[in-house]
Amino acid sequence: MQKIILVMINLPVKTINKAFSYLLPPELQFIRAGWRVLVPFGSRKVEGFVVSTDSGNGDGLKYIIEALDDLPWFDENMLQTAKWISDYYLCSLAEAMRLFIPGKTGLKTSLAYQLCPDLSCNEIEAALAGKSDQYLAACEYLAGHGSASLPQIYKQLTGDCLKTLNYLVNKKIVVKKYSTVKQDKPKYETFLKLAITPAEAEQLLRVSGHRPARRRLLTALLSKGVLAKADLKLLNISQDTVKRSLAGGLIVAEQKRLLRNSYAGLAHEAGAIRLNQQQQQVLQQIMPAVVNRQYRSFLLHGITGSGKTQVYLEVVAAVRKKRRQAIVLVPEIALTSQIVARFQTRFNDDVVVLHSKLSIDERNDAIWRLRTGQAGIVIGARSAVFAPLDDLGAVIIDEEHEFTYKQEEAPRYHAREVALKRAELAEGVVLMGSATPSVESYYQAVRHTHTLLELPDRADGASLPEVELVDMREELRCGRRSVISLALRNLINAAIARGEQVIILLNRRGYSTFVMCRECGHVMSCSNCAVSLVYHKSGRLRCHYCQTSVTPPDVCPVCSSRYIRYFGTGTQRLEDELAKTFPTARMIRMDQDTTGGKLGHDRILQAFAQGNYDILLGTQMVAKGHDIKNVTAVGIITADSILNLPDFRAAERTFALITQAAGRAGRGAVSGKVVIQTYNPEHYAIETGSRHAYADFYEQELSLRQSLFYPPFSKITKLTVTAPEEGEVHRSAADIAAALTSALASSDSTKILGPFVAPIARISNSFRMHILIKSVENAPVRLQLSLLKLHLRADVSIDVDPVNVM
DNA sequence: AGCACGCCGACT
DNA sequence: GTCGGCGTGCTC
């Protein structure tokens, strides 16, 4: 009987979803569940996660090579959470565990080619006799350089290097060498400290008259305690002096880790504000759970500008007072720098910012600060829910309704659900906040799964903006064909005249949204994806799905007609229109095309907030998170753009967008006004949105959901089947649907819809079909899916609780 | 994911 | 006959 270690292999392949057994060498006996290790796997060395230990016959098992950290990465709660994710979202345990690793892997493998050492030049030449010069050139290059990576070789040689090298590897002239390097490359700085007592040092200074450099060193250490490299230069103390003092045992060198943090210089706002009475009442309901270390979940429904952040700050402060840690989730860090700044102002270095745009090094440093207890608050986008914290006291989820909390690639987790699971295991609280809670969460709050808290008024006594609905059909009837209605034009003019600022929202980027032949109706579409191409001002037609672009044709590719027209308005065209209508206004556009890099959104918003512009126009990102006091006017160009999407949550999204956008207006002393342009003014989502009437919207939406058996009354699981051929995808999707139907026996509690061709039938030359399963409970569905082994298939992707069904 | 193994068509 | 194409299956 031997101790056996069960390891999940960190490779992004869903078919390897089992544990592999290894033995521990004597020097690694301390390894238990939760450690990251390096293990031999096939002919390679890969990263693995220890999930459990066992005992049994260990014959023929390989040994773990080394531990990758000084501490286990996963604690029991993290392991349990990973297990839950793999069960619930039907991914492998390794895929779930990878989520907890910054950069998904702690190892970087690199490949180098080397000449076989035991071969002579003559032997090589003989083996390559009759081959082209290419082969000999490669050997010569490798002989000269010892080893080289593939990119290096490509730079040096011409032709198909990979083919050449593979041949040489086959002929045993060249060998491939893999090396694995730890991803985490901490930066250290050396600090010097006294190794003797201060009394001894003073004694030494008294007796040794000579050695002025050593005197300076000891004196400085006595007064300052520690010295860094830069200090030594300043004091004119040479490396030699340091070396001798080290050797003599007078001083010791210590390595201290340096932290790279690109957020260090972010501006801070003024100090804490006192809570108003409503905020106090809300806080009092949350506090008992924080103090008593209980798992409780709260849904804070607070209108825009009601001061939800203030409540978050107080909850986090209370959690920290209990010496527990907190996670603060925000939908998108770039759009929410205001909330980040407020946490940093309040908690200073206790805050760590985590998100996907950080470099691997920055991320590792941040995580190291958490693991060593130097910081106890994580603020970040959805992946921050996986931060390694040993005593999670609270998770705050700001803008709980946002879809960005759902990961749209496997594993398709929802950060809100992961947060609830982690907090439950850790006995912490979850506080979700939103002005427009998701129907599902609000339903759970009404049913007391979450505790419902309300902040019905704006914190500073400001009123919600007045909203005017403009019927665009009416505009057309009056002969006004501009995308900017008369009401909106008046609103913008008035605001600018008073020196106030305007935000305009249009949910499509690009210039024209589609290009059509007026002769035959052919719409230019992407050759890889079944979506229409968008005309950009750069003069090219771009696919918003696969990023390819083409030059617009002069004649229609189908009928050769020259009558090609550009339809629809995107943000670029709107910018032109606004410039024509308001020639003196200073404008800035914010969409995916103008924001790039780490702080792109932030710069635009800051410049706007500082008053450098009169009008901010852009896609829905202009509607989120910020609080700019001088904005008194908001215009929504087409409120219907989302409403008409074929998705049962279209109304919910429209309502949220209108409410959030309108909420940007009138946050200062001057009250705001909003113009919403629509072709459906009587639609309940738009009508309730214009009245800021969440409860009314919720009620109408809920009854619709009930009658159509949609969430929260059912759980949805979406399958996407793909194939390179159209016929093939129809066949395999039909097979899967048939198998599911017989396994789940369609009844009142389960409905299988489809297969139907996906709204985007083809992406990057892969044909797509969807199957939707609606069921009261999704546990039996998940069970059947795994029994049918659909979760292992490369051509099937499973989305549990999808945020959109398209 | 890599890599070995294996079975086919296209050439010296 | 060799080379190299990629489909299948395995990695403790």
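Scope of the values below: all heavy atoms of this structure, side chains included, with no hydrogens, waters or symmetry mates. Source: prediction; values computed, not measured.
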Are Tyr22(A) and Tyr63(A) an aromatic pair by the rule of ring centers under 6.0 Å?
->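 No.
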When the ring centroid of Tyr413(A) is compared with that of Phe386(A), is the distance short of 6.0 Å?
->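 That pair passes the under 6.0 Å test.
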NA contact type, Tyr22(A), heavy-atom cut-off 4.0 Å: base, sugar-phosphate, or nothing?
->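 Sugar-phosphate contact only.
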Would you indicate what Ile16(A) reaches in the nucleic acid, counting non-hydrogen atoms under 4.0 angstrom: base, sugar-phosphate, or nothing?
->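 Counting heavy atoms under 4.0 Å across all strands, the contact made by Ile16(A) includes a base.
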State plainly whether the residues Asp365(A) and Arg369(A) are in salt-bridge range, i.e. N to O under 4.0 Å.
->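 Between Arg369(A) and Asp365(A) there is no salt bridge, as every charged N stays at least 4.0 Å from the carboxylate O atoms.
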Salt bridge check: are Glu417(A) and Lys421(A) linked by an N-O gap of less than 4.0 Å?
->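 Salt bridge between Glu417(A) and Lys421(A), a charged N being under 4.0 Å from a carboxylate O: no.
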Rounded to whole Å, how long is the line connecting atom [atom1] of [X] with atom [atom2] of [N]?
X         : N       : atom1 : atom2 : result
Phe49(A)  : dC12(C) : CZ    : P     : 17 Å
Gln2(A)   : dC12(C) : CD    : C1'   : 13 Å
Leu11(A)  : dC10(C) : CG    : P     : 17 Å
Lys18(A)  : dA1(B)  : NZ    : P     : 18 Å
Asp59(A)  : dC12(C) : CG    : P     : 15 Å
Asn10(A)  : dT11(C) : CG    : C1'   : 15 Å
Asn17(A)  : dT11(C) : CG    : C1'   : 14 Å
Leu792(A) : dC10(C) : CG    : C1'   : 15 Å

DNA chain B contacts made by residues 91-105 of chain A, counting heavy atoms under 4.0 Å =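 Nothing qualifies; none.
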With sequence neighbours excluded, give me every side chain to side chain donor-acceptor pair (under 3.5 Å) pair touching residues 25-40 of chain A.
->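 Pairs touching residues 25-40 of chain A that pass the test: Arg36(A)-Glu47(A), Arg36(A)-Asp69(A).
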By centroid distance (under 5.5 Å) and plane angle (under 30°), are Phe41(A) and dT11(C) in a stacked arrangement?
->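 Stacking is present between dT11(C) and Phe41(A), given that their ring centres fall under 5.5 Å apart and the planes under 30°.
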Return the nearest nucleotide to the side chain of Ser43(A); candidates are dC3(B), dA1(B), dC12(C).
->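 Within the option list, the nearest is dC3(B).
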Criterion side-chain contact (heavy atoms from CB on, under 4.5 Å) on His730(A) and Val757(A), from CA distance to verdict | CA-CA 8 Å; His730(A) 276 92; Val757(A) 175; 3.9 Å; yes
